[in-house]
Amino acid sequence: MQKSEENFNNFKDFPKNYDYQAVEKKIAQYWEDNDTYSFDFFDTEKEIFSADTPPPYVSSAHLHVGHVMSYSQAEFIVRYKRMKGFNVFYPMGFDDNGLPTERYVEKKYKINKSKITREEFIDLCLKETKIGIETYKALWKSAGISVDYRLSYSTIDERCRKTSQKSFIDLYHKKLIERRNEPILWCPQCRTSLAQADIIIEELNGILYDIEFKSSSGQGLIISTTRPELLGACVAIYANPLDDRYRFLNGQSVKTPLYNKDVPVKYDETVDINYGTGLMMVCTWGDAEDVRKWKENKLDTAIIIDKAGRLNEASGAYSGLTVRDAKRAIVDDLKKLSLIKGEKPLLHNVGVHDRCETPVEFIRELQWFIKILDNKDKFLEAAGEIKWHPDFMKPRYDEWVNNLKWDWNISRQRFYGVPFPVWYCANCGEVILAKEDELPVDPAAAEPDIIKCPKCGGKEFKPETDVMDTWMTSSMTPLINALWAYDSRAADKKKLLDRIYPMSLRPQAQEIIRTWLFYTVVKSIYHTGNIPFKNVMISGWGLDKNGKKMSKSLGNFVGPEEIINKYSADALRYWASKANLGQDLRFNEEDAANGRRLLIKLWNAARFLITNVNEGFNPYEKDVSELELGEVDKWVITEFENTLKICGNYMESYEYSSSLKAMVDFFYNVYCDNYLEIIKNVFWDEEEENFDRKDKALNVMYFVSFNMIKIFAPFFPFITEELYLSFYKNFEKAGSIHLSNWPDYRKELTFESSIKTVKILLNILEASRKLRTSLNLHQNHKIDKLLVKTLNNDYISILNSVNGDIKSAARAKRMIFSDEADFKTADDNLFIKIEK
RNA sequence: GGGCGGAUAGCUCAGCAGGUUAGAGCAUCGGCUUUACAAGCCGGGGGUCACAGGUUCGAACCCUGUUCCGCCUACCA
């Protein structure tokens, strides 16, 4: 580092090799030391661009390059906006409360929940939370993610607890939240209730058993079920009203086998005549359909499964067995009685808990619900006001909302989460809310701020011991960022709510559309009547090289540190840039290697300019428009401006990948392979006529390359910053390239005729390269004569106007028009010949 | 069952308001090292654009149908 300081003004010694490991460390520190990415709270002029950064959840052990991919993709846009002059509000959140963290800690420490106290467990969670945060920070820093860490939050910290609890109280007052005793989704493994969004449908192998029941008239009835263990919970038999076979059962009851219990026969159009025998056993409660029929038809209640997923006393002889064991035992018993009339293997869809993949059950418990079913229309409408990138992701949201079946249960029978700000009167059960200015509160550790129950006068209060669903907090992130929970207290902070909310951008992964995105819309509509953000960008997945989604459990896992160390963070980001938004992206090390090649090429192209600059060089002595430009200069600038325009359009529509591709194409094909190749020769021909040409070329190179690395800056923040600080900054004002302005497209710098002219030159150049190859001539061998023949008279004056550049590019001492030229170029009117 | 995305060179992907001979990178083959870059440069070979129809003067691109891959969603107990 010291060395580069010494050589700061000695461009001739600009390092030959790009030492990315040292540079990236140095630059990351430079950003930190200079608060490069700080949001300016006091700037009220600049328009704000605020991003609702996804809080990654604690177990950083699962991190892979796919995570860096999605964060980078969001960041390309954020960095672009920063360069476009926005005051960028880009916080980092850490999602570390709730079930995911608990599951992680349980697994890591092999915890038996009955042998550990709530406090000990929470301590372990807090400890892992801290470790997770540090690991993440280190990774994001090394990956160049430009967040403002002063704006960090953790979903278990005071601000988030306060915000979540205030949300609860606000919704309670708005009557959008209520406590109900009804069947809920339950995970027997995690011993907690769940919401619909926590359930995923999995295709599992099962067996469809044909079991014989008896009608009250003594007739055998075959009923197909995959859940014989629920026989004891059977409360009705259903048939389709149009099914002639079972009309006779009307008014009869049916006796269940083993239990010999009489259950009524009912009819419902939803029963599929063609499934099994057309008869359906309805239980308390095997699935959502059972719950619906139970509710609508006021069926009996026969609960036989407990919270641990075991059968209870009501199941008789099977009490104490797990659902799985009970199924086996009951099937055995039925077989002994010859009541199993058939069994066939069946692939069926089972709802399982997304965190542990345990099939969920229905049980009845008092739970808190946020009402969402009543307002589906509002949530659909809100999503319509948000701009979706890419727009084909929106139907997933609509589909989810349209299919919602349950209100949002936010009660979780767990430890590590935000507590409900609620007590109950021990006498009458009246709900006692915490006072808003006391939030956050832990009702288990504090008393309510009243002496007696306002309803019954009771003086004892019991705290709510459940914690809130982790999404209860995550759904608040825009309002956490905006300090919504504090707005009634501090006037200046309230301004922040007005300034950054709704947020400009929500970047996120596709699999949490139904959770993070949906719940955030719900909360925002309910709390503020406004959408939470104006744009949402949905990233695809990082896949392994075989096209499978990366995951720890599959072991097809590539760690970002490894790739950063080997190829650099910029190179990893290059890989991340290859997929446009919403597209999955395979990880091949080749792509990172290609990224590194590009960086090295950038380095060397810059080095050519830097090492050729003489003392006193001033790129701003004259604006490029005032220089007497040659055709080739005009051409490279025109091509650059055209590309710049394209890049800007792409970035505006979040198509960062196409933007980068366009500029990389320009960089390779136009700038390096042709412009530098054409003009570089003048730098070592010490002929006086070249001096002026050199100066102009340096100015052109400065203009083009500086603007070009600005376009690259969002993608490759490290190398562009290094080039900027070690060279360009000597002539510029901004303290960082990332705080410099995205270049404006300048129409007056496009010279369309130069493209035609240089096309002729390039055709000659290409042909001469081919000729050299076939003649075994070195590309650098200076030939004596380049003979040119053209069938188009208009070309003659054009060729004369770029005579010098043609000679230089083709490494020829002279260019002569001659009919001897017989090697056809790509242009039918143009022939050349080489004389050594 | 419904919906979305994808199928283009050996591999990974661009191209799709329809328009000369379909592109890039990697891989491969041939050539080139004193002068930005061998982690490089120059040049070459390589494709019936998943399949079948249709619209059109003209289709990788538009329409219809089919097959395969991935995802979202769905009560067949």
Side-chain angles (χ1 to χ4, degrees), chain A residues 14 16-18 20 200-201 206 208-209 223-227 230 238 268 270-283 286-293 346 348-349 351 390-400 402-403 405 510-511 513-514 540-541 543 545 547-549 567 571 575 578-580 582-591 593-612 657-658 661-662 664-665 668-669 672-673 676-677 680-681 683-685 701 765-766 768-781 826:
Chain A
F14 188 75
K16 188 167 162 56
N17 294 316
Y18 175 44
Y20 48 83
I200 49 172
I201 304 290
L208 186 64
Y209 295 96
I223 295 176
S224 301
T225 179
T226 53
R227 300 204 64 184
L230 288 179
Y238 272 74
D268 194 299
T270 61
V271 177
D272 185 344
I273 294 174
N274 298 314
Y275 190 89
T277 57
L279 285 177
M280 180 182 199
M281 159 175 117
V282 171
C283 306
D287 58 23
E289 197 53 21
D290 286 352
V291 174
R292 184 182 71 78
K293 294 196 175 81
L346 171 85
H348 62 156
N349 297 325
D391 54 9
F392 67 75
M393 287 290 181
K394 181 167 178 287
R396 298 190 180 194
Y397 173 98
D398 294 341
E399 194 174 17
W400 176 254
N402 281 322
N403 283 315
K405 271 200 306 270
Q510 53 189 311
E511 67 267 29
I513 289 174
R514 48 143 88 174
W541 282 325
L543 308 177
K545 62 196 293 191
K548 281 237 165 78
K549 189 186 172 190
Y567 299 100
W575 165 73
K578 292 196 50 148
N580 250 326
Q583 289 176 322
D584 298 341
L585 180 61
R586 293 178 190 217
F587 185 79
N588 279 310
E589 245 185 89
E590 273 299 326
D591 292 324
N594 283 340
R596 185 173 58 181
R597 281 190 195 117
L598 172 59
L599 300 177
I600 291 166
K601 187 91 174 167
L602 267 174
W603 184 261
N604 284 310
R607 203 166 76 89
F608 180 72
L609 163 65
I610 294 169
T611 54
N612 276 299
S657 186
S658 302
K661 193 168 146 46
V664 168
D665 279 353
Y668 272 98
N669 301 330
C672 291
D673 293 352
L676 291 187
E677 286 300 322
K680 76 177 181 185
N681 295 314
F683 284 87
W684 54 74
D685 281 348
M701 277 192 276
L765 181 57
E766 183 196 43
S768 101
R769 282 167 178 167
K770 283 184 190 175
L771 263 183
R772 281 172 182 272
T773 297
S774 65
L775 294 172
N776 269 354
L777 274 180
H778 304 178
Q779 298 301 334
N780 275 331
H781 178 270

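These numbers were taken from a predicted model, which means no experiment stands behind them. Throughout, protein chains are lettered first and strands after them, A, B, ... in sequence-line order, and every chain is numbered starting at 1. Excluded from the calculations below are hydrogen atoms, water molecules and symmetry mates; all remaining heavy atoms, backbone and side chain alike, are included.
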Which part of the nucleic acid does [X] contact within heavy-atom distance under 4.0 Å: base, sugar-phosphate only, or nothing?
X      : value
A/K578 : nothing
A/V282 : nothing
A/F392 : sugar-phosphate
A/R514 : sugar-phosphate
A/E511 : nothing
A/C672 : base
A/N349 : base
A/K16  : sugar-phosphate
A/A288 : nothing
A/W603 : nothing
A/E590 : sugar-phosphate
A/K405 : sugar-phosphate

inquiry  = Test your reading of the model: is there a side-chain donor-acceptor pair from A/N588 to the backbone of A/K545, 3.5 Å cut-off?
reply    = no
request  = Report yes or no: does A/W575 contribute a side-chain atom to a donor-acceptor pair with the main-chain N or O of A/R586 at less than 3.5 Å?
outcome  = yes
key: A/Y20: partners by side-chain contact (heavy atoms from CB on, under 4.5 Å), with sequence neighbours left out   = A/Y18, A/S568, A/R596
query = Which nucleotide, in any strand shown, forms a Watson-Crick or G-U wobble pair with B/U12, with both distances under 3.5 Å?
reply = B/A24
ask   = With both distances under 3.5 Å as the test, what is the Watson-Crick or G-U wobble partner of B/G46?
value = none
task = Could you tell me whether A/D591 and A/K578 make a salt bridge, using a distance below 4.0 angstrom between a side-chain N and a carboxylate O?
result = yes
Under-4.0 Å salt bridge between A/R292 and A/E289 = yes
query = Which residue, A/Y668 or A/N604, contacts RNA chain B at a nucleotide closer to its 5' end, judged by nearest heavy atom?
reply = A/N604
request  = Using heavy atoms and a sub-4.0 Å distance, could you list which residues of residues 594-601 of chain A are near RNA chain B? By number, please.
outcome  = A/N594, A/R596, A/R597, A/I600, A/K601
remark   = Looking only at heavy atoms, the pair that brings A/Y567 and A/E589 closest together is OH-OE1, 2.5 Å
remark   = chain A vs RNA chain B, heavy-atom contacts under 4.0 Å, first-to-last nucleotide span, 5' to 3', is B/G2 to B/A77
